[in-house]
2 protein chains.
Amino acid sequence: MTALAAAPGGGARATTREDWLDVALALLARRGAGAVSVLTLSERLGVSRSSFYWHFRSREGLFDALLERWDARNTRSIVRQAEAEAATITESVCNVFRCWVNPALFSPRLDVAVRAWARASDTARARLDAADRERTAAIEAMFARHGFAPDDAMVRARVLYTMQIGYYALDMREPIAARLALAPRYLETFTGVKPRDQEVAALRAYALAHAAVQDFEDPS
Amino acid sequence: MTALAAAPGGGARATTREDWLDVALALLARRGAGAVSVLTLSERLGVSRSSFYWHFRSREGLFDALLERWDARNTRSIVRQAEAEAATITESVCNVFRCWVNPALFSPRLDVAVRAWARASDTARARLDAADRERTAAIEAMFARHGFAPDDAMVRARVLYTMQIGYYALDMREPIAARLALAPRYLETFTGVKPRDQEVAALRAYALAHAAVQDFEDPS
DNA sequence: GGCCGTCTAGACACCCTTGTCCAGTCCCGC
DNA sequence: GCGGGACTGGACAAGGGTGTCTAGACGGCC
């Protein structure tokens, strides 16, 4: 997706719609909506600007597709993780927690960027609200499955989800070790149950395996 | 600040630096950084665009001043509320809670907008991080004063502050009554102590007195 | 009254961006 | 081999943004 031959004509590998979306998503996540210009995208793809208009009707069309993909990836991941089977509530929360730490499941920066951009657009706002409702509903159901009373499940789901969004909105820059040290306490805050050593160890192992990626800042 | 006579020359009331900042802050909070253009501001003030450059060196200079005022208002409010005297931890948390519900103390939309914008700028980012550290430190100290162990205070401060930021990042639109119904449960999550009826009643009264403002959407 | 400092309007140059148009190049099926 | 569809490059117009410059109006101070 990055190193395309810039030969004129379709001789070399041509860009696909997906390529444009990839670059746009990365740019949106790192530099915000304002930085997503057709020119910038085409330069990153090593391709002419007009190529863009073959794949997309307009810049707005790109953002529509962007929102679609954001929803499909980020929201789906959360829902799937919340619905995963687990013996204890702590284990369930850890499942959701995997979204926060594994870039393959969830892109925090993208989520924040989409949120910041969608605030201006009414149609995007509606979609965003729907996504948030879907996410919290899934987490709420997760708590309910583990026997929490309806409104208790609701508050716990909100605390969990809202706090995580806030964490990314703050965009704290602290080493993974510092974050992990607090994990057991956070878990207990969410579940109301003291996590077992075995559960904490599993979470720590998973986090360490994936979070290294987020400790680097790409200069793009 | 809104109805300025547009008479040529300084004959009528002239705009002040504060006027520009007021309008810019309002616009930033409601439409995001991209919407804050010199032209838009001047139109809202009923004044020529070039007037802007008498008050500010450049558009960037405006944003510097904006950040300054945002910090002075929003951050100061939180710190002051966190440092206010209170008999119980619940009461202390309620004090901070006043920021979230009283527009005179804290502007959530502005906070979110500044956050979204500052992400792109390095200097603004540094300032933002400093503000967040100051806020959480004040809340952490608040918990510590009520006898919480150091790292317990730290986690509780983070849960409280991070969750609130997340709440505004989500920008949930729900009636004040629904929010208030959950307030006691949230309080207990933050403090670990069941709030007394009297404390809940005081919080509810305060919230009802101020939150009506936020139930309206201004069309600007 | 004269003058200076404050404040404003309008014109201008310049840049960046979007969206369109057209000529042209390549792959692929026939 | 060839013709059409997929795909790209460069030129173009139009709009909106910033920042500068100049001419000038007004209030207050001397």
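Order of the sequence lines fixes the chain letters, A, B, ..., with proteins taken first and strands second; residue numbering starts at 1 for each chain.
Regarding D19(A), its CG atom lies at a distance of 11 Å from the P atom of dC7(D), rounded to whole Å. Put simply, CZ on F63(B) is 13 Å from C1' on dT18(D), counting in whole angstrom units. Spacing between atom CZ of R59(A) and atom P of dG19(C) amounts to 8 Å, rounded to whole angstrom units. We find that CH2 of W54(B) is positioned 8 Å from P of dT8(C), with the value rounded to whole Å. For the pair W20(B) CH2 and dT6(C) P, the interatomic distance rounds to 18 Å; values are reported in whole Å. Between the P atom of dT18(D) and the NE2 atom of H55(B) lies a distance of 16 Å, rounded to the nearest Å. Protein atom OH of Y53(A) is 17 Å distant from nucleotide atom C1' of dC22(C), rounded to whole Å. Counting to the nearest Å, the P atom of dC21(C) and the CZ atom of F52(A) are 17 Å from each other.
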Query - Step-by-step side-chain contact (heavy atoms from CB on, under 4.5 Å) determination, D171(B) to V112(B) - result: CA-CA 9 Å; D171(B) 196 16; V112(B) 170; over 6 Å; no
**Report entry** Worked verdict on D64(B) versus R69(B) for salt bridge (Lys or Arg N to Asp or Glu O under 4.0 Å)
**Finding:** CA-CA 9 Å; D64(B) 286 347; R69(B) 241 174 74 161; over 6 Å; no
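Within the 4.0 Å cut-off from OP1 or OP2 of dT8(D), at least one side-chain nitrogen or oxygen of T15(A) is found. Look at S51(A) and you'll find a side-chain N or O under 4.0 angstrom from OP1 or OP2 of dG9(D).
Donor-acceptor pairing under 3.5 Å, judged by distance alone, is present between the side chain of S50(A) and the base of dG10(D). Evaluation of atom-type donor-acceptor distances gives a pair under 3.5 Å for the side chain of R49(A) against the base of dG19(C).
Listed here is the closest heavy atom pair of T75(A) and D71(A): OG1-OD1, 2.7 Å.
Within residues 36-43 of chain B, no residue has any heavy atom under 4.0 Å from DNA chain C.
Under a 4.0 Å N-O distance rule, the pair R115(A)/D132(A) qualifies as a salt bridge.
Scored by the salt bridge (charged side-chain N to carboxylate O under 4.0 Å, His left out) test, R204(A) finds no partners at all (sequence neighbours excluded).
Pairs passing the ring-ring contact (aromatic ring centres under 6.0 Å, His included) check and including a residue from residues 113-144 of chain B, sequence neighbours excluded, read F63(B)-W117(B), F143(B)-F148(B).
Between M163(B) and Y186(B) the shortest side-chain heavy-atom distance falls below 4.5 Å.
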